[in-house]
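Have a look at the structure below before the remarks.
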Amino acid sequence: MSSSTRIGTGSASVLLVGLSFRSAPVSMLEKVNVADSEMSKLQLALVDNEVISESLVLSTCNRMEFYTVSNAFHSGLDHVVETISNMTGVTAQELEPHLYVHYSNAAAEHMLNVASGLDSMVMGEQQIIGQLRSAYQVADETGTVGRTLHDLTQRALRTGKRVHTETSIDSAGASMVSFAVDRALRFFDSDAQRTSAQRPLEGKRAVIVGAGAMASLASTYVGRLGIDHVTVANRTVARAENLAAHAVEAGVSAHAIGLEGISAALVDADIVVSATGAVGNVITRAHTEEALRQRSPRPLVMCDLSMPRDVEQAVAELDQVTLLNIEELTTMAGEGVEDEESAREIVARELEEFLEDQRAQAVVPTVKAMRQKAADVVAAELLQLEKHTPGMSELDRREVERTVRRVVDKLLHTPTVQAKRLSADGERVTYTDALAALFNLPMGTVESVTEARSQGAVTASAASAATARGAVGALGLGSETALSDSAQSGIAQSGTAQRETLQGEKND
């Protein structure tokens with residue numbers, strides 16, 4: 001974590017508020033989408049209150065998730081929704097029907113599922129791992145990630161890697177890019193059917209709009225499917241040239257252009273994959289109509305994987321043009337994948353380990369407070385001893401101090417270890433059981449002590465009273481000098497405690 005990373009959040013819990021292709025239409029996802037340049041501002045706004053202490057925003061082409069750490073559920077939820085509304089201009093009334101909310105353990109489980117590709121449109125896709133890692137880096141650099149979200153995100157990334165390494169959930173190599181391109185193949189004419197099954201794009205040309213990770217995946221994938229030529233279009237031509245160079249190195253003919261050359265590039269294109277993350281349309285109806293006037297009649301399939309959309313929706317109304325955007329692809333996505341059950345078992349085990357770790361961490365402030373309290377008591381008692389024993393040598397005083405501290409440390413060691421273990425187990429116990437467990441007392445000790453005290457209460461009280469009266473007599477006080485039963489019992493118990501303490505020191 002960075003030097004500005006936030007620290008401990010005490011008893012606060014993870015609160016997740018999100019929208020995805022499962023809960024909201026693309027039009028709503030577009031409205032709540034926040035530009036990369038505004039992400040830090042959004043995350044800082046989320047923690048700008050007394051309720052939320054950490055924040056991380058995961059933004060992909062089909063989800064917006066706001067992970068926070070809140071010390072109160074309702075006020076935390078209100079603040080998150082209000083912040084989203086303020087940043088996007090979408091009212092809370094518009095947002096609420098499309099939001100899903102997870103809290104505490106459920107929020108942690110959701111992030112692990114997301115990182116494993118189990119909540120993706122294309123189940124099992126690996127791209128989400130990189131997207132989550134990037135989201136964490138942005139939040140960490142902004143300074144809104146603390147211990148809780150750090151631990152959760154690292155656990156989620158670990159879980160995602162395990163799922164993809166130990167199961168066959170991604171055996172088909174599916175990603176949003178491959179899923180979209182594979183669906184696009186269905187819209188080509190019979191010429192596509194006559195090509196090799198391994199090279200279905202042979203003889204065709206592609207336009208890749210964008211130069212980021214998804215655009216790079218698209219370039220690689222169409223090259224693998226036998227594309228004849230790739231044109232990479234990007235606002236920054238240098239980045240487009242870099243991507244085109246990689247394609248050439250892989251044996252695919254390619255060149256780069258600026259976005260102003262889109263219309264000309266569409267004239268020869270058969271398939272377009274756009275993934276820029278730009279605000280506003282990159283390919284408009286006007287661009288496409290201009291290209292269509294110069295094309296021979298044949299299909300043009302556009303895969304828009306951006307949020308907000310890169311391709312103007314009106315393009316879908318044009319003859320011989322098929323537009324596959326997030327909304328269209330959602331209706332085509334399947335549910336089950338190979339080895340899904342094994343993947344979910346890994347998530348369940350990782351979640352349980354994470355929750356155990358968090359429960360153990362939660363008791364640390366209490367243990368520190370207990371030890372600090374003990375240290376304060378020792379210091380106060382030693383000060384009193386110094387006042388009442390002015391004649392004690394410095395050597396003896398240091399020995400007494402070491403003995404007292406050693407006794408306190410021994411008394412606190414077992415409760416410290418046991419408190420962490422019990423917290424990790426997450427079991428609910430009675431005060432009696434907790435006391436026995438904290439001090440690791442033998443089974444039945446508490447019960448036997450309780451039973452003995454119950455059976456011998458009258459005898460103990462009488463004996464204590466007799467002892468007290470004997471002491472009074474020895475001091476020459478009259479029998480009419482009254483001591484309460486509780487005081488008498490206290491004297492007797494004090495004498496017993498002193499003897500036990502002396503015996504214990506002798507045994508040491």
Side-chain angles (χ1 to χ4, degrees), residues 20-21 24-39 59-64 88 121-122 127 131 134 175-184 187 205-222 230-237 239-240 243-244 256-292 299-318 321-332:
S20 76
F21 68 97
V26 171
S27 56
M28 177 56 67
L29 290 172
E30 285 184 305
K31 289 180 181 178
V32 300
N33 187 270
V34 176
D36 291 345
S37 59
E38 293 291 300
M39 196 59 71
S59 175
T60 74
C61 62
N62 54 33
R63 75 176 64 240
M64 281 289 291
T88 64
M121 182 186 298
V122 182
Q127 215 174 337
Q131 292 167 329
S134 296
S175 67
M176 273 299 296
V177 170
S178 63
F179 180 78
V181 173
D182 288 347
R183 296 314 179 270
F187 296 92
R205 300 172 70 90
V207 173
I208 308 298
V209 186
M214 197 172 286
S216 179
L217 280 175
S219 176
T220 301
Y221 191 64
V222 296
V230 172
T231 300
V232 183
N234 192 57
R235 191 179 309 279
T236 305
V237 178
R239 294 192 63 196
L243 184 52
I257 62 171
L259 292 183
E260 68 279 359
I262 285 286
S263 291
L266 293 179
V267 173
D268 296 322
D270 297 286
I271 182 170
V272 176
V273 181
S274 188
T276 68
V279 178
N281 297 140
V282 177
I283 300 177
T284 64
R285 177 172 178 142
H287 286 139
T288 311
E289 286 179 325
E290 181 181 345
L292 290 177
L300 173 60
V301 185
M302 296 189 181
C303 303
D304 185 359
L305 305 182
S306 291
M307 185 62 62
R309 285 175 274 205
D310 278 345
V311 182
E312 185 180 0
Q313 185 62 39
V315 167
E317 301 170 3
L318 300 174
V321 177
T322 300
L323 175 58
L324 299 180
N325 53 29
I326 299 300
E327 199 161 27
E328 289 291 328
L329 293 169
T330 299
T331 65
M332 300 177 179

*Establish, from distance only, whether the side-chain atoms of Asn281 and Gln313 form a donor-acceptor pair under 3.5 Å.*
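No.
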*Assess the side chains of Asp310 and Thr276: does a donor N or O sit below 3.5 Å from an acceptor N or O?*
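Yes.
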Which atom names give the shortest non-hydrogen contact between [X] and [Y], and what distance separates them?
{"X": "Ala233", "Y": "Gly258", "answer": "CB-O, 4.4 Å"}
{"X": "Val177", "Y": "Ala218", "answer": "CG1-CA, 3.4 Å"}
{"X": "Ala180", "Y": "Cys303", "answer": "O-SG, 3.8 Å"}
{"X": "Val207", "Y": "Ala265", "answer": "CG2-O, 3.8 Å"}
{"X": "Ala215", "Y": "Ala211", "answer": "CB-N, 3.7 Å"}

_Residue pairs fulfilling side-chain hydrogen bond (donor to acceptor under 3.5 Å, both in side chains) with at least one residue in residues 24-38, sequence neighbours excluded_ =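 Listed once each, the pairs are Glu30-Arg309.
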*Any chance you could lay out the side-chain contact (heavy atoms from CB on, under 4.5 Å) test for Ser274 and Met302, step after step, and finish with the verdict?*
CA-CA 8 Å; Ser274 188; Met302 296 189 181; over 6 Å; no
_Salt-bridge criterion met for Arg183 and Glu328 (N-O under 4.0 Å)_ =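 So Arg183 does not pair with Glu328 through a salt bridge.
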Should [X] and [Y] count as side-chain neighbours, where that means a heavy-atom distance under 4.5 Å?
{"X": "Val311", "Y": "Asn325", "answer": "no"}
{"X": "Asn62", "Y": "Met307", "answer": "no"}
{"X": "Arg285", "Y": "Leu318", "answer": "yes"}
{"X": "Val272", "Y": "Ile208", "answer": "no"}
{"X": "Met28", "Y": "Val32", "answer": "yes"}
{"X": "Thr231", "Y": "Ile257", "answer": "yes"}
{"X": "Val232", "Y": "Arg239", "answer": "no"}

*Matching residue for Cys61 among Met121, Gln127, Met176, Gln131 - test: side-chain contact (heavy atoms from CB on, under 4.5 Å)*: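 Considering Met121, Gln127, Met176, Gln131, a side-chain contact (heavy atoms from CB on, under 4.5 Å) with Cys61 is found only for Met176.
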Please round to the nearest 0.5 Å and tell me the distance separating atom [atom1] of [X] and atom [atom2] of [Y].
{"X": "Thr88", "Y": "Met64", "atom1": "OG1", "atom2": "CE", "value": "8.5 Å"}
{"X": "Leu266", "Y": "Ile283", "atom1": "CG", "atom2": "CD1", "value": "5.5 Å"}
{"X": "Leu329", "Y": "Phe21", "atom1": "CG", "atom2": "CZ", "value": "11.0 Å"}

*Please step through side-chain contact (heavy atoms from CB on, under 4.5 Å) for the pair Leu300 and Ile271, ending with a clear verdict.*
CA-CA 6 Å; Leu300 173 60; Ile271 182 170; over 6 Å; no
For [Y], does its backbone N or O pair with a side-chain atom of [X] as donor and acceptor, under 3.5 Å?
{"X": "Ser216", "Y": "Gly212", "result": "no"}
{"X": "Thr288", "Y": "Thr284", "result": "yes"}
{"X": "Ser175", "Y": "Ser178", "result": "yes"}

*asked:* I'd like to know whether Leu323 forms a side-chain contact (heavy atoms from CB on, under 4.5 Å) with Asp304, so could you lay out the CA-CA distance, the side-chain angles of the two residues, the decisive distance to 0.1 Å, and finally the verdict.
replied: CA-CA 7 Å; Leu323 175 58; Asp304 185 359; 4.2 Å; yes
*Restricting to pairs with a member in residues 211-222, which pass salt bridge (Lys or Arg N to Asp or Glu O under 4.0 Å), not counting sequence neighbours?*
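Passing the test, one end in residues 211-222: no pairs.
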*Can you list every pair that meets salt bridge (Lys or Arg N to Asp or Glu O under 4.0 Å) and has a residue in residues 264-276, with sequence neighbours left out?*
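Applying salt bridge (Lys or Arg N to Asp or Glu O under 4.0 Å) to every pair that reaches into residues 264-276, excluding sequence neighbours, yields Asp270-Arg298.
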_Chi angles and distances behind the side-chain contact (heavy atoms from CB on, under 4.5 Å) call for Glu289, Val315_ = CA-CA 8 Å; Glu289 286 179 325; Val315 167; over 6 Å; no
